[in-house]
Amino acid sequence: MEVPGTQSYIPDEIVGKVKNRADIVEVIAGYLSLTKSGENYKGLCPFHSEKTPSFVVSPKKQIFHCFGCGTGGNIFHFMMKIDNLGFPEAVTCVGERYGITVSDKTRDHKKSPAQKERDLLYEANNVAMGYYQESLYDREIGCKSMEYLTKKRGLNTEIIQRFGLGYARNSWDGLFSHMVKRGWTPKDLELSGLILKRNDKNGYYDRFRNRVIFPIRDISGRVIGFGGRSLDDSLPKYINSPETPIYIKGKNLYCLDKAKEGVSRENGLIIVEGYFDAIRLHQEGLRNVVATLGTALTSSHLEMIKRFTQRVYLIFDPDPAGIKATIRTIGFFIDYDISAAVVSLPEGTDPDSFINRFGREKFDEALRGSKQIIDFAFYSMMKDIDSNEIDKKKTLLRAIIPLVLRIENSVEKTHYLRLIADRLGIEERFLMEDLHRTSKGVMAKNPEQNIEINPSRAPKDEEILVALMINNKFPAERIRGEVGTEDITHPGLRAIFRSILESTDLHNEVRLEYIIQQNMDDQEIISYLSKLSLSDIQIDYTNVEGNIRDCICRLRRRRLDKDIKNIDIEIKKAEEERNYTSLRRLQEVKMKKLKIDYSRS
């Protein structure tokens, strides 16, 4: 299948095979949480921020549409949008998931340089992971690292295999030599972050040496980087891959690819700080755990988390730095309407050491005893303030008031205002005045932005007519003699209408997949098509004949009005030129048009 703009070709039979074997619900559920809603599924749109689910997936039609931002299409459009892929890469990605190989010759035809670079990095990481795993399971080379994992860290062989752990040999160039022998260039390996250039610029050496290796995967399960932990506590204990075109710490979470199913099942996500913390909790049966990658939580993290859940449990270090880091995330959680709670563990412990010492039952108790993040923040910030310390109170209020302003629920907002007033010994009315002043400043700095969606709306009768035909509620053949392509005024609907008629000619029926294929590269048309297919517009399906008749009448009237308007222009021109022959002919044509109008009124 050749798609305009993709500069690539994939045979129709390959595309069809992948599309027919794939399940759009299964694929999309790997990126966000979906719930059954009638015959469709709904979830929060991954392409824009929203609080009420407006993203619909149809297993019957194998399409999706967001009624918030207007994005829609089939399984390939979703993959192209969510993973920033070209069409060939989207087909390949879905095909690999379902055991269908798209040949290298087909797949690599005229890829963009950026996509080729990304593919190279994925492949390099896969080869490196295989090398690290082979080293771990080598009885001579990997015995100490395996002993460290099983005896010192308490991991079983099943969890070690599940997370793909490995071992970087105690060698300066073990991986480098291994990969160069297999045709990899130093330039490619340096780009991937697997090797470093020597200080004297004369040669390269491995980034990871004598370390347990943790493959870091993206949400799709592709290896994008590595973490390495020293076996003997030598510093630094942990080193990580640098950021690359496929690995950005602020946009990924460790083992989310494995936790996303558990998140849906447990209706919540546990976020910890360390690789071992996450792995150990998974081993204990807590399959909804992820870890940050050495960075604070970002808005990109929250956008990704919200696809799967609106409930989060944070388990960060209980030291002052950890508390500050936790407090800094409050604004994100409020803005994304995610309920976040803080789990407090005894000082000096982390989830790994806590569960090793006290067991799963005590850990579950700690989860149940978690505090809402805003409660945790307020009590943490206020606990050391004396009632007479005016400067500290003012500093505290400057930090707290902006947070309270971001709370939309009035009951919740009032609760925290009273709490602050009581704890700081301030009259509530003064606090309200301060809140009011601050809110004015915030509104002035951040005026609300209105985003116009679907600015070029089509006439309602055209939408109804095309929607009824797409959904096979009315035979297209019966429309053909009544309405022509030129009668549809909206460009997008006109293209869909034309494809409907072509589909009827070829298949004797309206086939949605054919219409999508004909307009594959025009996202505006595809989004409109998915919208009409999932019936966003109000249609009375109990009176289809009446709906069709009314639509046709309005379309005819609009066409007639347009024809008469054009004739009037020609009449005026004939009068100015004193062309009486043309004038009489035009007047006769106009009278016939008016008689048609009169007979149908």
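Atoms considered below: every heavy atom in the structure, side chains included; atoms not considered: hydrogens, waters and symmetry mates. Bear in mind that the values here come from a model prediction, so they are computed numbers and not experimental data.
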* R182: side-chain contact (heavy atoms from CB on, under 4.5 Å) partners, not counting sequence neighbours ->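 Listed in chain order: H178, W184.
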Quick one: do [X] and [Y] make a salt bridge, cutoff under 4.0 Å?
X: R368; Y: D364; value: no
X: R222; Y: D83; value: yes
X: E13; Y: K17; value: no
X: D206; Y: R169; value: no

Within the 4.5 Å heavy-atom criterion, are [X] and [Y] side-chain neighbours or not?
X: F226; Y: R207; result: no
X: E303; Y: S49; result: no
X: F208; Y: S241; result: yes
X: S370; Y: V342; result: no
X: D257; Y: D218; result: no
X: M79; Y: Y31; result: yes
X: Y122; Y: I224; result: yes
X: C255; Y: V289; result: no

Working to the nearest 0.5 angstrom, can you tell me the gap between [X] [atom1] and [Y] [atom2]?
X: D277; Y: I355; atom1: CG; atom2: CD1; result: 10.0 Å
X: M129; Y: I216; atom1: CE; atom2: CD1; result: 12.5 Å
X: T71; Y: F47; atom1: OG1; atom2: CZ; result: 6.5 Å
X: K144; Y: Y167; atom1: NZ; atom2: OH; result: 8.0 Å
X: R162; Y: L155; atom1: CZ; atom2: CG; result: 12.5 Å
X: F332; Y: L297; atom1: CZ; atom2: CG; result: 8.5 Å

* To do: Begin from the C-alpha positions of L136 and M146 and carry the test side-chain contact (heavy atoms from CB on, under 4.5 Å) through to its verdict.
  => CA-CA 6 Å; L136 177 65; M146 184 63 82; 3.8 Å; yes
Where is the tightest heavy-atom contact between [X] and [Y], given as atom of each residue plus distance?
X: Q310; Y: D337; answer: NE2-O, 3.4 Å
X: G154; Y: Q283; answer: O-NE2, 2.8 Å
X: E50; Y: C45; answer: OE2-N, 2.7 Å
X: R211; Y: G228; answer: NH1-O, 3.4 Å
X: A377; Y: I330; answer: CB-CD1, 3.0 Å
X: G164; Y: P215; answer: O-CG, 3.0 Å

* Please confirm whether K36 makes a cation-pi placement over Y41, using NZ or CZ under 6.0 Å from the six-membered ring centre and within 45° of the ring normal. =>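 Judged by the rule, K36 and Y41 form a cation-pi pair.
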Give a yes-or-no answer on whether the side chains of [X] and [Y] include a donor-acceptor pair shorter than 3.5 Å.
X: D375; Y: Y416; answer: yes
X: E26; Y: Y98; answer: yes
X: S353; Y: D350; answer: yes

Donor-acceptor contact present, side-chain [X] to main-chain [Y], <3.5 Å:
X: K306; Y: Y336; answer: yes
X: S33; Y: T309; answer: no
X: E243; Y: K249; answer: yes
X: R198; Y: G203; answer: no
X: R118; Y: P245; answer: yes
X: K260; Y: F308; answer: no
X: N288; Y: G268; answer: yes
X: R287; Y: A259; answer: no
X: N74; Y: H77; answer: yes
X: E266; Y: V263; answer: no

Using a 6.0 Å cut-off, check whether atom [atom1] of [X] has over 12 heavy atoms from anything other than its own residue.
X: E158; atom1: CD; value: yes
X: E261; atom1: CD; value: no
X: N199; atom1: CG; value: no
X: E347; atom1: CD; value: no

* Asked: Do F363 and F358 pass the ring pair (Phe, Tyr, Trp, His ring centres under 6.0 Å) test, and can you show the C-alpha distance, the side-chain angles, and the key distance before you say yes or no?
  -> CA-CA 7 Å; F363 185 83; F358 300 107; over 10 Å; no
* Going through the checks in order, is the side-chain contact (heavy atoms from CB on, under 4.5 Å) test met by V312 and I373? -> CA-CA 10 Å; V312 166; I373 189 169; over 6 Å; no
* Mind checking whether Y205 and W172 have parallel, tilted or perpendicular rings, split at 30° and 60°? ->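 Perpendicular, since the angle between the ring planes exceeds 60°.
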* Have a look at Y254 and tell me which of Y238, F276, Y247, Y275 forms a ring pair (Phe, Tyr, Trp, His ring centres under 6.0 Å) with it. =>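 Exactly one option meets the ring pair (Phe, Tyr, Trp, His ring centres under 6.0 Å) with Y254, and it is Y275.
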* **F87 vs V15, side-chain contact (heavy atoms from CB on, under 4.5 Å): CA-CA, chis, key distance, verdict** => CA-CA 10 Å; F87 177 76; V15 177; 4.1 Å; yes
* **CA sep, side-chain torsions, deciding dist, call: F163, F214, ring pair (Phe, Tyr, Trp, His ring centres under 6.0 Å)** => CA-CA 8 Å; F163 280 80; F214 306 87; 9.2 Å; no
* In sequence, state the C-alpha distance, the side-chain angles, and the governing distance for D173 and V180, and then conclude on side-chain contact (heavy atoms from CB on, under 4.5 Å). => CA-CA 10 Å; D173 61 356; V180 167; over 6 Å; no
